[in-house]
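Shown next, in C-alpha cells, is the structure this report addresses.
Residue numbers begin at 1 in each chain, while the letters A, B, ... track the order of the sequences.
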2 protein chains.
Amino acid sequence: MELTPIMQRYILHWGEMGARWGTSRSVAQIHALLYLAPQPLHAEEIAETLEIARSNVSVSLKELQNWELVQVTHVLGDRRDHFTALKDNWSLLMVLVEGRKKREIDPTLVLLRELSAEAARDTRTPAEIKARITALLSFMETLTNWFEQVKRIPKPTLVALMKLGSKVTRFIG
Amino acid sequence: MELTPIMQRYILHWGEMGARWGTSRSVAQIHALLYLAPQPLHAEEIAETLEIARSNVSVSLKELQNWELVQVTHVLGDRRDHFTALKDNWSLLMVLVEGRKKREIDPTLVLLRELSAEAARDTRTPAEIKARITALLSFMETLTNWFEQVKRIPKPTLVALMKLGSKVTRFIG
DNA sequence: CGATTATTTCAGAAGTTTCTGAAATATTAG
DNA sequence: CTAATATTTCAGAAACTTCTGAAATAATCG
C-alpha cells in the first residue's frame, strides 16, 4: 500500500506512542496502518509497506487479534488471510481501557483481597498499614464497580452524558 | 524499616505492576514503600529496606517527585532529606491519570491537529483516510474536554456521582 | 500426491532500559 | 576551613525486549 506523507506521520507517531501504551512499535504501527486502510490488507503487504520482517508481522497480528483490535477477513479469489482494524473510535477506546484494566487493575485487586484477608490474622503488621491496604482495596472496588456500570450504558446516552460535562452535578443533592 | 510479609508482597507486586504502568520496578517499589510507611523515610533507609543501590534510590526519588507522587520533608535534628508519598487515594488516581494523559494523549492531539490542517491542503491522501483522522481528533477532543470538566468537580460530588453508577442516565433524554 | 504458496516458530542479533558502584559534587557541623 | 556526611552523576554491566531471517509447519491448488 502506498503511504502519503500524512499517513506516514500518523503511523510513525502511533508507533512511538505504542511503546508508552505498553505494546511494541511494530504492533502499534500495524494497528495504525490497518486503522487507516480503507480495504483489508494481507500480511505480506503490511510487511512491505512498513518495511518490517514478515515474521514480525505474523506475531504482531496475533497480538492485535488477542486484544480484539484486529480481525481476519477473506477476499474472494485470494487464499491469504486479510486483516482489518476496528474502525469505531468508541469501541476502540473501550477495548483499550478494558485491556488495561485486565492487565493493570485486576491483578492488583486479586492481591489486595488476599492481603486484606491475611491482614486480619496478622499481628506483626501495624494497624495503620493494614488500614491503608484495605482502604485502597475498597477505593479500587468502588472504581471498578462504577466502570462495570458505565460500560453497559448505550453509546448515545454516554455521548449525551459526556456533552453535559460538569453539568451532571446539577442532579446531585 | 522492617517489612512484614504483607508489606513485602504489596511492595513486590506494585513493583511488577510499575513495569506495566510505564515506570521502572525500583520507582514503583519505592513508591509502594513510602505509601505504606507511617513516617517519612530517608534515602539510605529506602535503599537498605529494598536492597537496591543508593544511587538508584536517588534517581528514582527524583522521578517520583516529578510525578508529584512523593514529597521531601525534614525531620528535626537530622540533616538528611526524608520522603513521604501522597497518601490520599483520590489524589493518587488523579495524579496517575493526569500523568498518563500528558504522556500518551496530549502529544497525539498535537499531531492530529497538525495532520488535520495539512490534510486540507493535501490532494494525495484519499478523502476516507483524511476523514478518519479528523474524526479521531474530534473524538479525542471531546474526551479530553470532558475530563477537564470532571477534574474540577469537588471530590465529594464525584464520589456521590460514582455511587449513582448507571443511574445517572435517569437524567438524560 | 507433489508443488506451490502461506503462515508460524524460534534461536540468536540488535536495540533498549534499568541498575550498580565508583567518583564527583554539594552541604553542614564543628 | 576541614572533616564528615549526604546527594547526584554517569559509564558501563546486567537484564530485558524486540526484531530478523532461516527453517519448520500448514494449507491449498492442479
Side-chain angles (χ1 to χ4, degrees), chain A residues 1 11-12 14-34 40-67 70-84 103-104, chain B residues 1 11-34 40-67 70-84 99 103-104:
Chain A
M1 198 194 190
I11 291 168
L12 290 175
W14 206 252
E16 302 308 321
M17 283 301 134
R20 301 196 193 178
W21 275 77
T23 35
S24 71
R25 186 190 324 203
S26 311
V27 169
Q29 285 187 350
I30 293 173
H31 178 257
L33 174 61
L34 293 175
L41 304 178
H42 59 264
E44 191 66 35
E45 194 170 4
I46 296 170
E48 275 168 21
T49 309
L50 301 179
E51 299 180 68
I52 59 181
R54 177 66 186 73
S55 56
N56 188 358
V57 173
S58 179
V59 173
S60 300
L61 282 170
K62 274 277 141 67
E63 189 172 334
L64 286 167
Q65 283 167 273
N66 277 342
W67 272 85
V70 160
Q71 281 195 326
V72 190
T73 355
H74 284 92
V75 168
L76 264 171
D78 192 335
R79 63 195 178 84
R80 291 169 297 186
D81 289 346
H82 285 64
F83 301 88
T84 25
R103 270 150 254 250
E104 300 172 359
Chain B
M1 198 194 190
I11 290 168
L12 289 174
H13 174 87
W14 206 250
E16 302 308 321
M17 283 303 133
R20 301 194 192 179
W21 275 76
T23 34
S24 72
R25 187 190 321 203
S26 312
V27 169
Q29 284 187 353
I30 292 172
H31 178 257
L33 174 61
L34 292 175
L41 304 178
H42 59 264
E44 191 66 35
E45 193 170 5
I46 296 171
E48 275 167 22
T49 309
L50 301 178
E51 298 180 68
I52 59 182
R54 179 63 187 75
S55 56
N56 190 358
V57 173
S58 178
V59 173
S60 300
L61 282 171
K62 274 278 141 67
E63 189 173 334
L64 287 167
Q65 283 168 273
N66 276 342
W67 273 85
V70 160
Q71 281 194 326
V72 190
T73 355
H74 284 93
V75 168
L76 263 171
D78 191 336
R79 65 193 179 88
R80 290 169 299 187
D81 289 346
H82 285 64
F83 301 89
T84 25
R103 269 150 254 250
E104 300 172 359

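Shown for residues 17-30 of chain B: residues whose heavy atoms fall under 4.0 angstrom of DNA chain C, namely Ser24(B), Arg25(B), Ser26(B). Shown for residues 50-61 of chain A: residues whose heavy atoms fall under 4.0 angstrom of DNA chain D, namely Ile52(A), Ala53(A), Ser55(A), Asn56(A).
Taking the ring pair (Phe, Tyr, Trp, His ring centres under 6.0 Å) definition, one finds that His13(B) meets it with nothing, sequence neighbours left out. Applying the side-chain contact (heavy atoms from CB on, under 4.5 Å) rule to Asp81(B) yields the partners Val72(B), His74(B), Phe83(B); only residues at least two apart in sequence or on another chain are considered. Remark: Trp21(B) engages no residue in a side chain to side chain donor-acceptor pair (under 3.5 Å) (not counting sequence neighbours). Under the side-chain contact (heavy atoms from CB on, under 4.5 Å) criterion, Arg79(A) pairs with no residue, sequence neighbours left out. Under the salt bridge (Lys or Arg N to Asp or Glu O under 4.0 Å) criterion, Arg80(A) pairs with Asp78(A), sequence neighbours left out. Residues that satisfy the side chain to side chain donor-acceptor pair (under 3.5 Å) test with Glu104(A), not counting sequence neighbours, are Arg100(B). Take Arg54(B) and apply the salt bridge (Lys or Arg N to Asp or Glu O under 4.0 Å) test, not counting sequence neighbours, and it matches Glu44(B).
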* Asked: Base, backbone or nothing for each nucleotide of nucleotides 24-30 of chain D, written B, S, -, heavy atoms under 4.0 angstrom, 5' to 3'?
  -> ---BSS-

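Sorted by first and then second residue, the salt bridge (Lys or Arg N to Asp or Glu O under 4.0 Å) pairs involving residues 16-30 of chain A (not counting sequence neighbours) form an empty list.
Met17(A) CE to His31(A) NE2: the interatomic distance, rounded to the nearest 0.5 Å, is 15.5 Å. Note: Asn56(A) CG to Ile46(A) CD1 = 11.0 Å, rounded to the nearest 0.5 Å.
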* **Working for side chain to side chain contact (heavy atoms under 4.5 Å, CB included), residues Leu64(B) and Thr23(B)** => CA-CA 10 Å; Leu64(B) 287 167; Thr23(B) 34; over 6 Å; no

* To do: Please lay out, stage by stage, how Ile30(B) and Ile52(B) fare under the test side chain to side chain contact (heavy atoms under 4.5 Å, CB included).
  => CA-CA 10 Å; Ile30(B) 292 172; Ile52(B) 59 182; 4.1 Å; yes

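Contact footprint of chain B on DNA chain C: nucleotides with an atom under 4.0 Å from a non-hydrogen protein atom, first to last in 5' to 3' order, dT18(C) to dA29(C).
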